[in-house]
Every structure is written in C-alpha cells, then in structure tokens.
Amino acid sequence: MHLHGWVIYNGHLAEHKFLDYAEWIKQAAAKQDITIDIKKNNQLLSILDMNTFHFVDTLSANKPDFVLFADKDIALARQLEYIGIPVFNSAESIEISDNKISTYQRLTLQRLPIPKTIVGPKVFPGVRSIDIPVLDQVIEELGGFPLIIKEAYGSFGEQVYLIDSKRELQDKINSIEDRPILFQQFISTSYGKDVRLNVVGDEVVASMLRQSSGDFRANVSVGGTMQVYQPSHYEKQLAIAATKAIGADFAGIDLLFGENGPVICEINSNAHIRNIYECTGVNVADFMIKYVVEKLGEGE
C-alpha cells in the first residue's frame with residue numbers, strides 16, 4: 001500500500017526553519033516510498049455546520065492517510081482528527097506541550113522531576129498594574145533570587161526570564177501584562193547548559209548537550225553550542241516518560257542538570273531536527289516516518 005501524507009506548518013511564519021522542517025520530513029518519507037505534500041495551515045479553512053465537519057478545499061477528494069502536524073494550530077489539528085485522519089502528534093498533546101503550565105501539571109501527575117514551579121494567577125486584559133499580594137511567598141517558596149519567570153507560551157528559549165530582585169520581578173510581571181506566566185526555581189547547577197533528547201515512540205533516537213558561555217539558556221537559537229551526548233539509562237527513561245505524560249508520539253525533551261540528578265525543563269512536541277542532525281548525524285525524521293508507518297499498520 002502506497003501511503004500519502006501531509007506535513008502542515010504555519011503559513012504566517014516567515015522564518016525558513018519552519019518550511020525547512022516540513023521539507024526534511026518530506027525527504028525522509030520519500031526514502032520509504034511515501035508521498036508527502038507540504039501544506040500551510042492557512043490553506044485549510046475549517047467549516048462547521050449542523051451536519052458535519054469539513055473544509056473549504058477539496059480535502060474529501062484528496063484525503064491523506066496521515067498528517068504530521070508541525071504547527072500549533074490546535075483547532076485545525078482537531079478538525080483533521082474529527083474527520084478521521086490520524087494526526088501525529090495529536091491535537092491534545094500539542095495543546096499540552098504548547099502551554100508550559102499544562103505541561104508541568106501533567107509531569108507532576110506522573111511524579112516526574114521538574115524545577116519547583118508556581119502558577120501565576122490569571123490576569124484579565126486591560127489591567128495596568130499587576131498586584132500579586134503573595135509575591136513574597138513566591139520568592140520564599142522558590143528559595144529567593146535568582147528565580148525564573150516563564151510565559152506559558154513561547155519557543156526557542158524566548159519568553160523565559162532570569163530575575164535577580166523583587167523590583168525586577170514586579171517590573172517583569174507588569175510588562176508581561178495579561179499573558180499567563182509561571183514562577184520557577186532556578187537550577188543554578190545547569191546555568192547555560194542542558195541536554196536535548198529526541199524521543200520517537202519508546203526510544204531516544206538522538207541526544208546532544210547544549211552549552212552557552214554568556215546566557216543562562218542553552219538554546220542554539222540564543223547562541224548555544226552543540227556536542228554529541230551519551231545519555232544515561234535513567235535520562236533516556238525520563239525523556240520517554242515525559243513524552244508519554246503529554247500523550248505525544250515524538251518530542252524533544254530538554255533536561256537540566258539538577259543538584260540531585262536530571263530534571264525536566266521543557267517538552268517540545270514540534271522539536272526542530274536539523275540542529276541535532278548536524279550535531280549527531282542522526283536523522284530523526286527517518287525514525288518518525290518509520291514510527292508513523294508502524295502505527296498505521298497497527299490501526300489496520
């Protein structure tokens with residue numbers, strides 16, 4: 001059976017790395033005799049009426065066997081699922097991964113190690129001065145300064161802030177305004193370094209150490225360097241457990257070097273894979289396509 005799939009990415013993002021990811025997947029699929037069409041999310045308009053879910057274009061006549069969803073357009077991913085198309089990763093897992101608060105809640109449910117985290121109170125739009133009466137309690141609970149503020153939504157190490165004083169903390173909260181945030185313990189033993197592990201199914205297929213000499217974040221997008229890393233058995237099991245905690249088929253898991261062992265920093269359901277290929281020589285896309293084929297075979 002010749003499979004035909006789609007890779008969907010966001011059509012409003014100008015950076016080439018998003019199209020590059022889709023093309024990387026398409027090339028991997030071609031090696032396994034699978035046809036992939038690359039689609040922008042804004043090419044697919046979801047229609048809802050009292051009878052059914054459908055699309056503006058001729059999707060029903062060209063229904064793919066599966067979709068690799070390289071976007072965060074969760075409503076579109078759900079629409080595809082509602083009409084019976086297998087979506088990797090699922091809309092639910094992408095939604096959880098996209099929201100750091102939801103991610104840490106799921107990890108906590110599974111009793112997996114994370115930095116101590118406090119969820120910021122909800123703020124409605126239009127509030128000019130954010131008042132958190134328990135701010136001193138936040139500082140005390142997290143062991144004082146420095147501490148981390150993370151916006152719930154953000155990628156590539158952006159929207160993550162290292163805070164050194166109460167004044168800086170209040171100013172940053174005010175500047176973020178109504179966007180949801182969390183406060184987090186700063187893992188000083190992992191300053192400027194972390195480990196990225198790419199998980200596919202029940203396997204860690206590639207991993208690298210990322211380091212920065214001038215930033216508390218290790219992301220390559222903010223200047224971090226890469227080198228091959230051999231994870232321990234425990235680190236592998238932790239990454240796989242984190243992926244399963246959000247219900248993902250594959251993910252990029254970032255681990256920090258905690259004082260008492262590794263802790264989970266973030267889960268990326270749409271982890272970009274070119275950097276880890278350039279570092280390790282491992283093409284994660286090959287494993288992803290193989291996994292999808294196997295899952296579709298199980299469905300049959």
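None of these values were measured; they are calculated from a predicted model. Just so it is clear, the values below take in all heavy atoms, side chains as well, and ignore hydrogens, waters and symmetry mates.
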Tell me whether [X] contacts the main-chain N or O of [Y] through its side chain, where contact means a donor paired with an acceptor under 3.5 Å.
{"X": "Thr103", "Y": "Asn99", "value": "yes"}
{"X": "Lys122", "Y": "Asp178", "value": "no"}
{"X": "Gln170", "Y": "Arg167", "value": "no"}

inquiry  = Is it the case that over 12 heavy atoms from other parts of the model lie below 6.0 angstrom from the NZ atom of Lys72?
reply    = yes
ask   = Around atom CG of Asp49, are there more than 12 heavy atoms of other residues, nucleotides or ligands at under 6.0 Å?
value = yes
Partners passing ring-ring contact (aromatic ring centres under 6.0 Å, His included) against Tyr153 (at least two apart in sequence or in another chain) = none
Residue list, ring-ring contact (aromatic ring centres under 6.0 Å, His included) with Tyr277, at least two apart or on another chain = Trp24
query = So, Asp37 and Lys26, do they make that salt bridge, N to O below 4.0 Å?
reply = no
ask   = Any salt bridge between Arg106 and Glu92, counting N to O under 4.0 Å?
value = yes
Qualifying residues under salt bridge (Lys or Arg N to Asp or Glu O under 4.0 Å), relative to Arg111, sequence neighbours excluded = none
request  = Only counting residues at least two apart or in another chain, list the ones meeting salt bridge (Lys or Arg N to Asp or Glu O under 4.0 Å) with Glu168.
outcome  = none
message = List the residues meeting side-chain hydrogen bond (donor to acceptor under 3.5 Å, both in side chains) with Asp164, not counting sequence neighbours, and say none if there are none.
response = none
message = Under 4.5 Å side-chain heavy-atom separation, chaining through any Ile, Leu, Val, Met, Phe, Trp or Tyr, what else clusters with Phe124? Say none if it is isolated.
response = none
Side chain to side chain, [X] and [Y], heavy atoms closer than 4.5 Å:
{"X": "Ile38", "Y": "Leu19", "result": "yes"}
{"X": "Val195", "Y": "Pro231", "result": "no"}
{"X": "Leu142", "Y": "Lys116", "result": "yes"}
{"X": "Ile163", "Y": "Phe145", "result": "yes"}
{"X": "Phe250", "Y": "Asn198", "result": "no"}
{"X": "Thr35", "Y": "Trp6", "result": "no"}

message = Let's go through Lys150 and Phe183 carefully: what are the C-alpha distance in whole Å and the side-chain angles of both, what is the deciding distance for side-chain contact (heavy atoms from CB on, under 4.5 Å) to 0.1 Å, and is it a yes or a no?
response = CA-CA 6 Å; Lys150 290 183 178 180; Phe183 308 97; over 6 Å; no
If you look only at distance, which donor and acceptor atoms sit under 3.5 Å apart when one is on a side chain in residues 285-292 and the other is two or more places apart or in another chain?
unit_1, atom_1, unit_2, atom_2, d
Asp286, OD1, Lys31, NZ, 2.9
Asp286, OD2, Lys31, NZ, 3.2
Tyr291, OH, Asp249, OD1, 2.7

query = Tell me, which pairs form a salt bridge (charged side-chain N to carboxylate O under 4.0 Å, His left out) where one or both residues lie in residues 3-13, sequence neighbours left out?
reply = none
key: Selection residues 75-90 - residue pairs positive for salt bridge (charged side-chain N to carboxylate O under 4.0 Å, His left out), sequence neighbours left out   = Arg78-Glu95
message = Going by side chain to side chain contact (heavy atoms under 4.5 Å, CB included), name the residues that satisfy it together with Leu162, two or more places apart in sequence or in a different chain.
response = Pro146, Ile148, Phe186, Tyr191, Phe216
query = Looking at residues at least two apart in the chain, or sitting in another chain, which of them share a side chain to side chain contact (heavy atoms under 4.5 Å, CB included) with Ala239?
reply = Leu197, Val199, Val204, Ile253
message = I want to check a possible cation-pi pair here: Lys193 against Phe257, using under 6.0 Å from ring centre and within 45° of the ring axis as the test.
response = yes
message = Is there a side-chain contact (heavy atoms from CB on, under 4.5 Å) between His12 and Lys40? Walk through the geometry before answering.
response = CA-CA 8 Å; His12 295 102; Lys40 299 178 181 180; over 6 Å; no
Show me the side-chain donor-acceptor pairs of residues 265-273 shorter than 3.5 Å, one per line, residues at least two apart or across chains.
unit_1, atom_1, unit_2, atom_2, d
Asn268, ND2, Gly252, O, 3.0
Asn268, ND2, Asp254, OD2, 3.4
Asn270, ND2, Asp71, O, 2.9

query = Just checking, is any N or O donor in the side chain of Thr189 or Glu259 under 3.5 Å from an acceptor N or O on the other one?
reply = no
query = If Ile, Leu, Val, Met, Phe, Trp and Tyr residues are connected whenever their side-chain heavy atoms lie under 4.5 Å apart, and connections chain through other members, are Tyr229 and Val284 in the same group?
reply = no
message = Grouping I, L, V, M, F, W and Y whenever their side-chain heavy atoms are under 4.5 Å apart, do Val138 and Val160 come out in a common cluster?
response = no
message = Checking Gln185 against Glu141 for the side chain to side chain donor-acceptor pair (under 3.5 Å) test, could you report, in this order, the C-alpha distance in whole Å, the side-chain angles of both residues, the deciding distance, and whether it holds?
response = CA-CA 9 Å; Gln185 172 193 13; Glu141 284 285 340; over 6 Å; no
request  = Step by step, work out the side chain to side chain donor-acceptor pair (under 3.5 Å) result for Gln184 and Thr117.
outcome  = CA-CA 4 Å; Gln184 198 165 67; Thr117 301; 2.9 Å; yes
